[in-house]
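Working notes, structure below.
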Amino acid sequence: MRAVVTISFFQKKHLCSLIAAIGFILVVAFPLHSQTLHGQVVDSVNTEPLSGIEVVLLDSQRDTVAVTRSGADGRFALAVPDGSYTLCVRCIGHRPKQLPVEVPSEQAVLVLLAPLSIPLNP
C-alpha cells in the first residue's frame, strides 16, 4: 500500500510565502561577511560594570548601523559588516563617549564612562 501526499494550491501558496519570508529575514538580519564586535561598559572611577547602557554603532556618514544595550555584566555584542565605525555610548549620570572602532577587531572594546558631577546648589 502506498501513501500519497498531496498539497493543495492553498497550502503551496502559504508554503512559498513562508519560505520567502524566512529568506528575507536571513538576508536582512545577517549581513554578508558580518563580524561580531564585543565590548564592555564600566564606570571609570570604580570599574563596576554598567548595565542597560545604550550602545550605538555609526558608519562614516553618521547613520546608525546597529543598536544594543549592555547586559548585567556591562557586556555587549554587535553583529556588523567589516569596516570603520564610531561607537557611541551614553548613560544618565555619566559623560557620553564616542570611540572609533574597526571591525573585525581582535580585542573586545572597553568603554570607560566618567561620572558627571552635578552641583546640588547652582
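Positions are given from 1 along the sequence.
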Mind running side-chain contact (heavy atoms from CB on, under 4.5 Å) on Leu57 and Thr64 for me, showing each step along the way?
CA-CA 6 Å; Leu57 201 61; Thr64 301; over 6 Å; no
Would a hydrophobic clustering, with Ile, Leu, Val, Met, Phe, Trp and Tyr connected at side-chain separations under 4.5 Å, put Val65 with Val89?
yes
Looking at Ser70 and Gly52, would you say the former's side chain and the latter's main chain have a donor-acceptor pair under 3.5 Å?
yes
What are the two closest heavy atoms between Pro49 and Ala72, and how far apart are they?
CB-O, 4.3 Å
Taking everything shown except Arg69 itself, do over 12 heavy atoms lie less than 6.0 Å from its CZ?
yes
Any heavy-atom pair between the side chains of Pro81 and Val103 that's under 4.5 Å?
no
Asp73 backbone acceptor or donor facing Gln40 side chain under 3.5 Å:
yes
Which pair of non-hydrogen atoms, one from His38 and one from Ala77, has the smallest distance, and what is that distance?
ND1-CB, 3.9 Å
Does Leu58 belong to the same Ile/Leu/Val/Met/Phe/Trp/Tyr cluster as Val111, with side-chain heavy atoms less than 4.5 Å apart forming each link?
no
Quick one: closest heavy-atom pair of Ser44 and Ala114, and the distance?
OG-CA, 3.2 Å
Would a 4.5 Å heavy-atom cut-off, applied to side chains only, mark Leu113 and Asp43 as touching?
no
Answer with yes or no whether the hydrophobic clustering places Leu78 together with Leu99; edges join I, L, V, M, F, W, Y residues whose side-chain heavy atoms lie under 4.5 Å apart.
yes
Would you say Leu37 and Val42 are hydrophobically clustered, going by side-chain heavy atoms of ILVMFWY under 4.5 Å?
no
Taking side chain as C-beta onward, heavy atoms only, is Thr86 less than 4.5 Å from Arg62?
yes
Is it the case that one hydrophobic cluster holds both Val109 and Val80, taking links as side-chain heavy atoms less than 4.5 Å apart, direct or via other members?
yes
Spacing of CZ belonging to Arg90 relative to CD belonging to Gln98, to within rounding of 0.5 Å:
9.0 Å
